Amino acid sequence: MKIVIAEKPSVARELAKVFGATTKKDGYIEGKGYSFTWAFGHLLQLAPPQEYGFIGWRRQHLPMLPKKFKLSVRKVKTKDGFIEDPSVRKQLDIIKKLFDEATEIIVATDAGREGELIFRYIYYYLKCKKPFKRLWISSQTDEAIKEGFRNLKPGTDYDTLFNSAHCRSESDWLVGMNATQALSIAAGNRTVLSLGRVQTPTLAMICSRFIETKNFVPKLFYQLSILLDKDGQQFKALSIANFDKKEDAQVLFDKIQDVSAGFPTGGLIKDVESKPRKEPPPLLHDLSSIQQEANKKKGYTADQTLSILQSLYEGKLISYPRTGSRYIGDDVFAGIPKLIDQLRNHPEFGKSAEFLTTVPLNKRSVNAKKVTDHHAILPTGEPPYHLSSEKQAIYDMIVARMLEAFHKECVKELTKITIESGSTFIANGTVIRSAGWRSVLNDPEDDNKGEESLSLPKVKKEESLPILEKALVEKQTKPKPLYNEASLLKALETSGKEIEDEELRYAMKDSGLGTPATRASIIETLITREYIKREKRNLIPTDKGLAVYEVVKDQAIAQAELTGQWEKRLEEIRSGASVSEFKEEITAYTRTITTQLLGCGVSIAEKATV
DNA sequence: GCAAGGTC
């Protein structure tokens, strides 16, 4: 019997289907000489400190540097504390039995670092010695799966990938467990003060933005505004110049030749500029982008959206949701026309769907090279029934985005009118010439760009128009907004470097903090620790969070760059570089940060433990 | 009691 092990049940089912294996057993599917079994993500984790004899949180244990790490079965939280997850134990027993009977083991966990680790931890925990082969595919279509099975790799080809994954795992344990205990002990052991490679830089981003906002001193400035009239259609224009002093603004304000000052047509049109602007449709959704949209439009937390997505996925209504890709391959694209066709009678999206059946589809979201383990989120085409309003809302966002992504670009006409009256004024207008993808939802535009979507009258250069009103407007500079879940998720993708451009953000996503699948839980961890709280839709630090931030803000553990540095080294390990060298550095760093944190003592004690 | 990673 050949055993195939996948990362999750859905993938095992898919593989079994391709092979025509149909006999459902407890924990695996059998047929055609194969058994297809699965994990549920990581079944094993690095054992906690107490399993190495570090009982209680004590200064003299630190730094805890296990010679050899142990694995333990994933725990689940119950009212009596943490216990071994029984479903995980059961699945491990099933996998063990299958491995014992196996004539060949085929590893079909996701094609990436963590997928490799998920299998290897199981393999070593079960003390399995049989050789294994690796299925390495980046698309789940029947053809890709068949091709992958014809082209299995020797398991040892991925030893260096496992090394890099293993290093990532142990390094996070060493730094996280030691720093957490060190800081907690330093503060008097009254509460858990956790630190980690990902959570601490995230906390630092929230704190530094909060402090920046709090200390922000708004600056007053002045601008002039006029209201013009062209054959009954009125429009507003603003002075190009800003003035720090009111008196300076007043001088030019007095020179405005408005009607009430006795000038019937005091606004001279110096220039009229019209140019079209094309807006391509948005890319399909990945996990992060839909979490952001759901937070902006519905106020759902990243965690809520993830669990809604999980249940839609389990109901077979949408494709795998924990994806970091906003693209699909050509094979998946081939199924899109059918998905769109099914929506022709949809009460809200029927018209858009109907239209799309008559035109060539936009292929901006089609790029097989940008599909990694999983493609962008799509509906499966399975009809949804009786969804709760929350599930319906998320489902509709996925359907709408699909229609938008394959739609035509939106064409706008930008008009800029320059007016002279004592000083120079500008009126900006945007008119949508062809709505394209924007017709799907008809959402008002994101107004954060300060772009006014109003239409301006047709005016001619050199003509003079009456100025009906003038005003001297007092304005003030604004601080950067506090983080909310949407802006934080976006910032985490690029380690706090906020990048507007979607494509550039994608290129940088490998240097982001955390992964799509873990970001929601990072936010929840910081809330559980009482480091941050939700206030309206914002995420703001608590006094405890700020106290921790003050202690660690200049240390490496609070810098997003630490992840970038690790990633660089891990990638070198994957291509064959020495493992021991990196481990020595991590050990040294663990010693350093432990000593530093233990020494911070009193400064944190009162502030963080109230 | 604690990390980050994956998933039901």
Side-chain angles (χ1 to χ4, degrees), chain A residues 6-12 27 38-52 54-58 61-64 69 74-77 81-82 85-88 90-91 109-110 112-122 164-185 187 189-203 287 306-307 309-315 320-324 373-374 492 513-522 524-526 528-529 557 562-563 566-567 570 586 590 593-594 597:
Chain A
E7 181 155 328
K8 43 191 169 274
S10 64
V11 173
W38 53 79
F40 313 110
H42 277 294
L43 300 183
L44 298 155
Q45 53 192 181
L46 295 177
Q50 60 266 31
E51 295 197 27
Y52 305 93
F54 304 121
I55 314 289
W57 294 29
R58 295 168 189 278
H61 291 156
L62 304 186
M64 304 174 288
F69 276 92
R74 186 214 291 164
K75 307 289 189 293
V76 66
K77 196 177 183 179
F82 284 86
D85 185 329
S87 68
V88 168
K90 184 178 165 206
Q91 192 64 14
T109 48
D110 290 356
R113 199 167 72 191
E114 290 303 319
E116 191 64 26
L117 191 63
I118 285 170
F119 166 71
R120 300 276 183 138
Y121 274 174
I122 294 170
S164 77
H166 197 202
C167 273
R168 198 280 306 146
S169 178
E170 295 188 348
S171 302
D172 276 326
W173 190 103
L174 286 170
V175 172
M177 294 294 188
N178 281 293
T180 297
Q181 289 203 14
L183 185 65
S184 305
I185 291 167
N189 241 338
R190 281 169 289 197
T191 171
V192 177
L193 299 176
S194 68
L195 298 173
R197 170 180 59 88
V198 175
Q199 61 170 270
T200 306
T202 305
L203 175 65
L287 174 61
L306 177 56
S307 76
L309 287 166
Q310 174 68 20
S311 86
L312 289 171
Y313 167 64
E314 285 169 12
Y320 181 74
R322 289 184 206 80
T323 173
D373 297 355
H374 308 279
L492 288 174
L513 271 177
T515 69
T518 58
R519 289 190 187 122
S521 71
I522 295 162
E524 298 305 316
T525 296
L526 293 176
T528 307
R529 298 274 173 274
I557 198 172
L562 181 67
T563 291
W566 283 26
E567 287 299 339
L570 292 170
I586 293 294
T590 301
I593 186 155
T594 306
L597 290 170

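A quick note: this is a predicted structure, and the numbers were derived from the prediction, not measured. Chain letters run A, B, ... following the sequence lines, proteins first, then strands; residues in each count from 1.
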Give every residue pair that meets the salt bridge (charged side-chain N to carboxylate O under 4.0 Å, His left out) criterion with at least one member in residues 191-202 of chain A, sequence neighbours excluded.
A:D172-A:R197
A:S194 near the nucleic acid: base, sugar-phosphate alone, or nothing, with a heavy-atom cut-off under 4.0 Å?
sugar-phosphate
So what does A:P49 hit on the nucleic acid, given a heavy-atom distance under 4.0 Å: a base, only sugar-phosphate, or nothing?
base
Heavy-atom contact window of chain A on DNA chain B, given 5' to 3' at under 4.0 Å:
B:dG1 to B:dC8
Are A:T518 and A:S521 linked by a side-chain donor-acceptor pair shorter than 3.5 Å?
no
Sugar-phosphate, base or nothing in reach of A:V192, heavy atoms under 4.0 Å:
base
NA contact type, A:Q45, heavy-atom cut-off 4.0 Å: base, sugar-phosphate, or nothing?
base
Less than 4.0 Å between a side-chain N and a carboxylate O, is that true for A:R519 and A:E524?
no
When the ring centroid of A:Y52 is compared with that of A:W173, is the distance short of 6.0 Å?
yes
Mark yes or no for whether A:R322, through its side chain, and A:L306, through its backbone, hold a donor-acceptor pair below 3.5 Å.
no
May I ask you to say whether A:R168 pairs ionically with A:E567, meaning some side-chain N is under 4.0 Å from a carboxylate O?
no
Judged by nearest nucleotide, the residue sitting upstream toward the 5' end of DNA chain B, A:K8 or A:N178, is A:N178
